[in-house]
Protein chains: 2
Amino acid sequence: MSSPAVSSRDLPHPALDEIRLEGVLHALSDPMRLRIVRELAGAPGDLSCSHFDLPVTKSTTTHHFRVLRESGVIRQVYRGTAKMNGLRRDELDELFPGLMGALLAAAARQAARLDD
Amino acid sequence: MSSPAVSSRDLPHPALDEIRLEGVLHALSDPMRLRIVRELAGAPGDLSCSHFDLPVTKSTTTHHFRVLRESGVIRQVYRGTAKMNGLRRDELDELFPGLMGALLAAAARQAARLDD
DNA sequence: CGACTCGTACGATAGGCATCGTAGTACGGC
DNA sequence: GCCGTACTACGATGCCTATCGTACGAGTCG
């Protein structure tokens, strides 16, 4: 109730200066994770883990979200039983200007090409 | 000998439409390979494998160059005993406009940050 | 409280991969 | 033809990781 900071459990996120480009690229080099990131980028706000309908089990999904968080690509916050996920877009833009935009554009372009 | 324009041995390269974004990102997510690509991007022309002084053995170096070639990031051509390597910059720019530029800029930014 | 949903932890498994060392092939020059 | 240089092929090794299933913890709602 009231408004405790957020909820009870807090998750570890890398600080800006701990984010490594190689880690970000590795995180995005998995099709499942790239798909998650694309969906997050296209959504207005944060999305819960259960919002995603991935062709893998829940434990594997948990794994992918953790990789994304630990590499610094997304931010995760508990909200009740749900876990909300959002791109760390502003921070990434500060660290690597233009990178996320180019990556998302490239992913969109490839998706369009493969869909035709 | 029939008459190969350049040399005898030809190496398999993926066509433009066979290049996958995930493959490119995976190739660049290795520090050694990112270093190679940065050096290639900064050079005026192609560079031989032996030009690079990497902290790994030659066989490992061969492995990294092959990963880069098979993912579509670089082009490799034999020239005598040497193997010349060059970024497929123009083709990648056509396939994913702005991507390589953003990636190289991000890598340069991180290198500068870590060097200070 | 009890049931239900959401997500986690843990162990197992199978495949991928970065690395090495050694032995070998291709090419150019003497 | 012979030697040296440049790179490769192959096998081994140890680590990383994507995947699963099951059992569990945290929170919500009746």
Side-chain angles (χ1 to χ4, degrees), chain A residues 1-13 20 22-37 46-71 73-86, chain B residues 1-13 20 22-37 46-71 73-86:
Chain A
M1 305 249 19
S2 60
S3 71
V6 173
S7 185
S8 44
R9 313 170 264 178
D10 268 2
L11 296 158
H13 290 76
R20 300 276 276 122
E22 294 91 325
V24 171
L25 297 185
H26 173 249
L28 298 180
S29 72
D30 181 278
M32 218 62 69
R33 293 195 287 262
L34 186 56
R35 176 168 160 176
I36 291 173
V37 168
D46 286 12
L47 297 176
S48 71
C49 290
S50 56
H51 169 273
F52 296 83
D53 189 28
L54 303 173
V56 291
T57 63
K58 279 186 153 193
S59 27
T60 301
T61 301
T62 294
H63 162 70
H64 285 311
F65 275 107
R66 175 164 38 191
V67 172
L68 285 171
R69 171 171 48 82
E70 292 181 343
S71 68
V73 177
I74 68 171
R75 172 182 12 89
Q76 292 190 294
V77 179
Y78 276 105
R79 194 165 159 182
T81 76
K83 195 181 197 175
M84 306 306 291
N85 305 276
Chain B
M1 325 202 194
S2 328
S3 59
V6 182
S7 186
S8 47
R9 312 171 266 180
D10 269 1
L11 295 159
H13 290 76
R20 302 275 278 122
E22 295 91 325
V24 172
L25 297 185
H26 172 249
L28 299 182
S29 71
D30 181 278
M32 219 60 70
R33 292 194 289 261
L34 186 55
R35 175 167 161 178
I36 291 172
V37 168
D46 286 13
L47 297 175
S48 71
C49 290
S50 56
H51 169 272
F52 296 83
D53 189 28
L54 303 173
V56 291
T57 63
K58 279 194 155 191
S59 28
T60 301
T61 301
T62 294
H63 162 70
H64 285 311
F65 275 107
R66 175 163 41 190
V67 172
L68 286 171
R69 171 172 48 84
E70 292 180 345
S71 68
V73 177
I74 67 170
R75 173 182 10 90
Q76 293 191 294
V77 178
Y78 277 105
R79 195 164 158 183
T81 77
K83 197 180 195 174
M84 306 306 290
N85 304 274

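Proteins get letters first, then strands, A, B, ... in listed order; numbering begins at 1 in each. These figures come from a predicted structure and were not determined experimentally.
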Distance, rounded to the nearest Å, where E22(A) contributes CD and dC16(D) contributes C1' = 16 Å
Whole-Å gap separating P (dC17(C)) and CG (L25(B)) = 14 Å
Measure from the side-chain heavy atoms of T62(B) and tell me the nearest of dC7(D), dC20(C), dA18(C).
-> dC7(D)
Taking CZ from R79(B) and P from dC7(D), how many angstroms apart are they, rounded to a whole number?
-> 13 Å
Quick check: does any side chain N or O of H64(A) sit under 3.5 Å from a backbone N or O of T62(A), one acting as donor and the other as acceptor?
-> no
Select from M32(A) and T61(B) the residue whose nearest nucleotide in DNA chain D is closer to the 5' end of that strand.
-> T61(B)
Phosphate contact (dA18(D) OP1 or OP2) by R33(A) side-chain N/O below 4.0 Å = yes
Calculate, to the nearest 0.5 Å, the distance between atoms CG and CG belonging to D30(B) and L25(A) respectively.
-> 11.0 Å
Please give, in whole Å, the distance from dT25(C) P to Y78(B) OH?
-> 14 Å
Measure the distance from CG on L11(B) to C1' on dC7(D) and round it to the nearest whole Å.
-> 11 Å
Interatomic distance where CG belongs to L28(B) and C1' belongs to dA18(C) [whole Å] = 16 Å
Can you find a side chain N or O atom of H63(A) that sits less than 4.0 Å from OP1 or OP2 on dG7(C)?
-> no
Using only heavy-atom distances, determine whether the side chains of T60(B) and T57(B) contain a donor-acceptor pair under 3.5 Å.
-> yes
What string of B, S and - do you get for nucleotides 10-16 of chain C 5' to 3' if you count protein non-hydrogen atoms under 4.0 Å?
-> -------
Distance, rounded to the nearest Å, where L68(B) contributes CG and dA18(C) contributes P | 10 Å
Inter-residue atom distance Q76(A).CD - L68(A).CG, 0.5 Å rounding | 8.0 Å
Rounded to the Å, how far apart are L34(B) CG and dA18(C) C1'?
-> 16 Å
Between H64(B) and dC17(C), is there a side-chain N or O to OP1/OP2 distance below 4.0 Å?
-> no
Would you mind telling me which of dA18(C), dG21(D), dC20(C) lies closest to the side-chain atoms of T57(A)?
-> dG21(D)
Short side-chain N/O contact to dA9(D) OP1/OP2 from R66(B), under 4.0 Å | yes
Quick note, K58(A) side chain, CB onward, closest among dG7(C), dC7(D), dC20(C) is dG7(C)
Is a side-chain donor or acceptor of R69(B) paired with a backbone partner of P12(B) at a separation under 3.5 angstrom?
-> yes
Nearest 0.5 Å please: distance from the CZ atom of F65(B) over to the OG atom of S48(B).
-> 8.0 Å
Picking from dA26(C), dT28(D), dA18(C), the nucleotide nearest the side-chain atoms of T81(A) would be dT28(D)
Would you confirm whether N85(B), through its side chain, and L47(B), through its main-chain N or O, come within 3.5 Å as a donor-acceptor pair?
-> yes
Proximal nucleotide (of dA18(D), dA18(C), dC20(D)) relative to the D30(A) side chain | dA18(D)
Report yes or no: does R33(A) contribute a side-chain atom to a donor-acceptor pair with the main-chain N or O of L28(A) at less than 3.5 Å?
-> no
Let me know, please, whether P55(A) or F65(B) comes out on the 5' side of the other along DNA chain D by nearest nucleotide.
-> F65(B)
Distance test, side-chain N/O of T60(A) to OP1/OP2 of dC20(D), below 4.0 Å | yes
